[in-house]
Structures are given as structure tokens and as C-alpha cells.
2 protein chains.
Amino acid sequence: MTIYPKSRIHGQSEPHFPGDRHRLRRPIDRSDTRLVRRDQHLLQAGAPIAHPWLVVAGMLKSYRLDADGEEQVLDFHVPGDIIGLEAVVQATADHSIIALDTCNVRALPADVSAVDATEAESYTQMIIDGMYQEILRLTRRLNMSVEPTDQRLAGWLLEFSEAQRRRGLKPYEFRLPMRRRDLALYLGLATETLSRAFTRLRNRGLVAVNNYEIRILDAEGLGALAGKDREAAHADQAKG
Amino acid sequence: MTIYPKSRIHGQSEPHFPGDRHRLRRPIDRSDTRLVRRDQHLLQAGAPIAHPWLVVAGMLKSYRLDADGEEQVLDFHVPGDIIGLEAVVQATADHSIIALDTCNVRALPADVSAVDATEAESYTQMIIDGMYQEILRLTRRLNMSVEPTDQRLAGWLLEFSEAQRRRGLKPYEFRLPMRRRDLALYLGLATETLSRAFTRLRNRGLVAVNNYEIRILDAEGLGALAGKDREAAHADQAKG
DNA sequence: CGGATGCTTGAAGCTGCTCAAGTGAAGTGG
DNA sequence: CCACTTCACTTGAGCAGCTTCAAGCATCCG
């Protein structure tokens, strides 16, 4: 896991994260980068995919439609993530990926045995690491899927906060780039349930919520809630 | 995905699957295989892991204990699966793996760049394929986690049936190697809820259940239930 | 045969979903 | 610059499914 240097914050409330670009592991080769604007698709499920992409800036959402046409949000992707990993195995994209804000992505080689994408490690190793990261993420989400609502949201907020910190942004004060609906589908909840969960956390003084602006007031309290066993969480939810 | 040849069934009701051995892609090198008996651990979460393993025979369960000491069943592993993939990335096992019956596993190289494990593909490709399969499995489970109980069980039964078929065993008549509790935790349900779900499927004439012996009576009906959108499934569950 | 283990069934309670209305913010046109 | 529309988030009420607690059975094994 790459630890990004802490640095001055700027562009905090903007829809994209211009501060990220200079933190990349190596300068961008403009020839193989692509700009994706808000609500634009980078990939479509079932469509051909030639190679994986490295997220350079912005945030993307990957999703797919199930048999009923219901949207299932699979993941949010931040700079440093490799997306479209299935390209090294097959020629068809598994899921659709759409930009939540202005994004910058860099094309990666289609051939796993290609030489160095970075100076540090082989491309093969990079792909394997990327896949392993995805396995970890999925496993974590699977664990979360059995937790009660408030615990789920608390855990996710802390994860997001940690991601902010790693990227050199304010960990306790940020703007969510996705709509409630997206976050709800990601967490496996109804939009209304998520909204109520936010309200409960706010009423307990754990977070301050203003639309998409989030401020974490009591990280320790959030952690206690997130890590708590289910009965205790239930008790809290009742009295909260 | 390897398609195993269809062949005569034998050893159907035995706790292990002796018929599998000769279907392996290449003869077993006895020097690096290991026998794991029922309830014996192959790996412990947090303990050192030197290399991945290839499941040769039997079925294993991977799980981990969450903060409360509650068991979370992550996956069941059948012959052909590669387990302990994290070994190519780190030296510590992510989760515990225990044998559900008498199992045979073969040690794989720790170094990704090792030469040929099989004639067909490079070891690197084999690892990448294994990881991709795991990503697909996890994604499928994540999708299932938002489905209602009966739909979840129906879907899983069909998956298991398909796995049986691929391995040359009877697809519509088999013995579950895991306890109800394990299957319930795997599906993210309470044991009682799973039991009731079995009863409902039985009452509808979709399956015949006798303890661990399962017979699929109406695969089409199961498929309709599994693929059905949620409202329709709810309606069915009410009248079922 | 008796004890143990695990599956099944029953009843009650609670969480989260659905349907529905209310509120607030952002953008448009007069 | 301000009404008006729109869209999304919030809040409310009712309902349904799942879990929990508890008891009843079946199967296995000493």
C-alpha cells in the first residue's frame, strides 16, 4: 500500500482533486492518458476492453445492472487504483465504470509480461498487487455486508477518511464525491436508510453533515461503533 | 475455467471424492502434496504462509474470526482451486483454512516467476487466473448478499450443482460436505433462517432434503427463483 | 440405551424496506 | 433579482423478513 506524503491541502471542495497529479509515482506520459468527465463512461459492461487503466486523478464508480435492471454499485476508485484488471484475462469488461467528477486515467499495457510500468516493480507484480488489493477490498465489503447499518456507515467513513489522509488531504473534513444513492447502493442499503444513519451519527455528535460536506467530530467514537460487536451496536442504536 | 470430462459417478456419498484424482491436469508429485484430515487446519489466519496450495481432492472451508470472535465463512474450496494466493504477495495468511473432509493439497511455488507448474500456461498466468477467479467469486457473493433468503439459497444450490457437473459428479443428487451452520454463515444468514429456507424450497417441490443429502427436483424452478427480481421473489415467499 | 450434537420449528421483537410527503438547494426564465 | 421548477436528501408511518430465544426432534456414537 503506497503511503503518500502529507502536504498542504488545496482544492478541497472542488469536484476534482488537482493536488494529486504531482504525487504520482512517475510523470504522466500524455500520449496514453485520457480525460473522462463527470457522468461519462470509461467502460461499459460487456463491451470490449483492451487493457487496464491506472486512475491518475478524480473518482470513478464501477457498477453493473442485475437481471432486473437494478444498479449495483461495486466500487469507488481513487487515484492509484488499477481498474479494468479483467483485461489481462479476457477481452470483455465485467462491469461499467463511470466518472463521478473530472478524471484522468492512464492506459496500461495489455500484456502482463510487458516491461516496467514503473521503476520500482515489474508490471506483472503490479497487476498481481492490484488484483490482491481488489480481493482484500471485496473481502472487507463482504464482511461489512452482515453488519448493521450504522456500523457499516461508520466503518466506511473511517475508510474514506484514511484514504483522504493517505492522499494528503484533510482526513476529518471532506466532500463526498458521490450522491447518497450511489453510496447507499454501495453499502447495500436503501437511500432512506442511509440518510437516517447519517442523522443518527450526527445526533450522537460523531459527525457533522451538510449535504456532501462531512466533518468527522469523534473519530474514536466512530471507530468504537464500527468495531463493535452486533449486540452492543444494536443497544446503541436503540438509545441513540 | 477448467471443464472436467463427464464420466461415471462413484464415491458419491463418501466424505471425500476419490474419483477426482485422475482428472488432475498432470500426475501428482507426491513429494509436495499434503493430506489434511477433517477438522484439521491447513492454514491459520495471521500465521506464516510460505506458498499457495492447489486443492487436489476434498473440500475445505476458509474463514476468519471478526473482532467479536464471531466466525465468518469466506469460501468453500473444491479441487482445482488455488488457495493461499496471498502468499505471492506477503508472508502472512489472511484467513484460516480447515478441511471439511479428507483433503489432498499440493504445494505451489512461492515465487511467481517460477517456471511451469503445468504444461499449458506459465505459473504467473496461473496465479493471475486464480486471483481473477477469486475476484469473480467475491463479486458474485457480494451481489448475492443483497438478495432475499430463498433466492440466495436457490442460487447457491444451482452453483453447487454446476460445480458437481463440472467435476463429473451427479449434478442433481449430492451430499453437502458442510454443516448447516457453515453454509448459513457463508450465505450470511442465521442457521434457523437457512433451515426455514430449505423447508420452503422443499414444500414447493423444488428440492428433496434429507439432512445432508440433497436432490434437485426442479432445476428450472430453482433458476426462476434465483434469477427473479426481488418483488416477485417476495410475493412467492409469501404464498410459498 | 442415553447423551450429545445439530437440525427443525415456533413465537416475539427489531431492523431495514417501501411508499409517501416534506424540505432544501441549485438552476432557469421572466 | 426573484418566482418557479427540478432534483435530491430527509423525515414519517406501516409492513415484512430476518434474527433471537426457546423448545422439540433426529441422527450419531459410545
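In what follows, chains are A, B, ... by sequence order, proteins preceding strands, each numbered from 1. Only this structure's heavy atoms are used, side chains among them; waters, hydrogens and symmetry mates stay out.
Contacts between residues 188-196 of chain B and DNA chain D, defined by a heavy-atom separation under 4.0 Å, are made by B:Gly188, B:Leu189, B:Ala190, B:Glu192, B:Thr193, B:Arg196.
Between B:Arg175 atom CZ and C:dC7 atom C1' there is a gap of 14 Å when expressed in whole angstrom units. Here D:dG12 presents its C1' atom at 14 Å from CZ of A:Arg200, a figure rounded to the nearest Å. Between the P atom of D:dG17 and the CG atom of B:Leu187 lies a distance of 18 Å, rounded to the nearest Å. Rounded to whole Å, the distance from CD on B:Glu147 to P on D:dG17 is 16 Å. Spacing between atom CD1 of B:Ile214 and atom P of C:dC7 amounts to 12 Å, rounded to whole angstrom units. Rounded to a whole Å, the CZ atom of B:Arg180 is 15 Å from the P atom of D:dA26. In this structure, B:Phe198 atom CZ and C:dT9 atom C1' are separated by 16 Å, rounded to whole Å. In this structure, B:Asp150 atom CG and D:dC18 atom C1' are separated by 12 Å, rounded to whole Å.
Every residue was checked against the ring-ring contact (aromatic ring centres under 6.0 Å, His included) condition with B:Phe198, not counting sequence neighbours, and none meets it. Every residue two or more places apart in sequence or in another chain that forms a salt bridge (Lys or Arg N to Asp or Glu O under 4.0 Å) with A:Asp75 is listed here: A:Arg137. Checked against ring-ring contact (aromatic ring centres under 6.0 Å, His included), A:Phe76 has the following partners two or more places apart in sequence or in another chain: A:Tyr186. Partners of B:Tyr132 according to the ring-ring contact (aromatic ring centres under 6.0 Å, His included) rule, which considers only residues two or more places apart in sequence or in another chain, do not exist here. In this structure B:Glu192 satisfies the salt bridge (Lys or Arg N to Asp or Glu O under 4.0 Å) test with no other residue, sequence neighbours excluded. Applying the side-chain contact (heavy atoms from CB on, under 4.5 Å) criterion to A:Arg37, with sequence neighbours excluded, gives A:Leu35, A:Gln40, A:Thr102.
Summary for the helix from C:dC1-D:dG30 to C:dG30-D:dC1: the axes at its two ends, each from 5 pairs, differ by 30° when rounded to the nearest 10 degrees.
Under the side chain to side chain donor-acceptor pair (under 3.5 Å) criterion, the residue pairs touching residues 176-185 of chain B are B:Lys61-B:Asp182, B:Glu71-B:Arg181, B:Arg179-B:Tyr212, with sequence neighbours excluded.
Side-chain nitrogen and oxygen atoms of B:Arg202 include at least one within less than 4.0 Å of the OP1 or OP2 phosphate oxygen of C:dT9. Between B:Tyr212 and the phosphate of C:dC7, there is a side-chain N or O to OP1/OP2 separation shorter than 4.0 Å. Distances shorter than 4.0 Å separate some side-chain N or O of B:Thr149 from OP1 or OP2 on D:dC18. Within the 4.0 Å cut-off from OP1 or OP2 of D:dA8, not a single side-chain nitrogen or oxygen of A:Arg181 is found.
Between A:Arg200 and A:Asp150 there is a salt bridge, since at least one side-chain N of the basic residue sits less than 4.0 Å from a carboxylate O of the acidic one.
No option in B:Arg165, B:Arg166, B:Arg140 other than B:Arg140 meets the salt bridge (charged side-chain N to carboxylate O under 4.0 Å, His left out) test with B:Glu159.
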